[in-house]
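Have a look at the structure below, then the notes.
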Amino acid sequence: MEKDNVVLDKSFLFAIRIVNLFKLLKDERGEYVMSKQLLRSGTAVGAILSEGKHAQSYADFINKVNVALKEANESAYWLRLLKETNYISEVECKSILVDCEELIKLMVAILKTSKERANF
């Protein structure tokens with residue numbers, strides 16, 4: 001875990017939840033396509049944010065956070081689709097979706113602050 005980096009910590013914990021959900025969907029519920037898409041987008045959030053720690057420039061950092069935000073939004077889409085197609089329950093969806101939406105809010109705030117500082 002990252003010290004004093006809430007978004008990296010939360011994105012890592014979110015990725016763990018996504019991996020565990022993927023295993024459940026694949027092994028117990030026989031769903032392979034949507035769960036694989038969710039695995040890709042859900043684990044990408046933290047990976048891309050981690051890349052941003054060593055961005056080449058402020059603009060590169062902002063770009064990394066933007067890409068991670070897109071992956072989080074995509075993850076929310078797959079979670080809702082899995083719920084609507086009855087692969088996961090309303091409770092399962094809400095539980096993980098809350099984490100996803102929290103990450104989205106954090107990244108939006110980071111982008112807003114970063115753009116203000118960089119005069120974008």
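For the numbers below, each heavy atom of this structure counts, side chains included, while hydrogens, waters and symmetry mates do not.
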Evaluation steps, side-chain contact (heavy atoms from CB on, under 4.5 Å), between Ile110 and Leu69: CA-CA 10 Å; Ile110 289 167; Leu69 177 59; over 6 Å; no
Under the rule for side chain to side chain contact (heavy atoms under 4.5 Å, CB included), what residues qualify as partners of [X], not counting sequence neighbours?
X	answer
Tyr77	Arg80, Leu81
Glu90	Lys83, Lys94
Gln37	Arg40, Glu74, Trp78
Lys70	none

Side chain to side chain donor-acceptor pair (under 3.5 Å) partners of [X], counting only residues at least two apart:
X	value
Glu101	none
Arg29	Glu92
Lys64	Glu51
Ser75	Ser41

Qualifying salt bridge (charged side-chain N to carboxylate O under 4.0 Å, His left out) pairs with a residue from residues 12-24, counting only residues at least two apart or across chains: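 Of all non-adjacent pairs touching residues 12-24, those that pass salt bridge (charged side-chain N to carboxylate O under 4.0 Å, His left out) are Arg17-Asp99.
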Interatomic distance, Thr85 atom OG1 to Met34 atom CE [nearest 0.5 angstrom]: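 If we round to the nearest 0.5 Å, Thr85:OG1 and Met34:CE are 3.5 Å apart.
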Other cluster members, Val67 - Ile/Leu/Val/Met/Phe/Trp/Tyr, side-chain contacts below 4.5 Å: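 Its cluster partners, ordered by chain and number, are Ile48.
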Joint cluster assignment, Leu21 & Val19, ILVMFWY side-chain distance < 4.5 Å: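 Same hydrophobic cluster.
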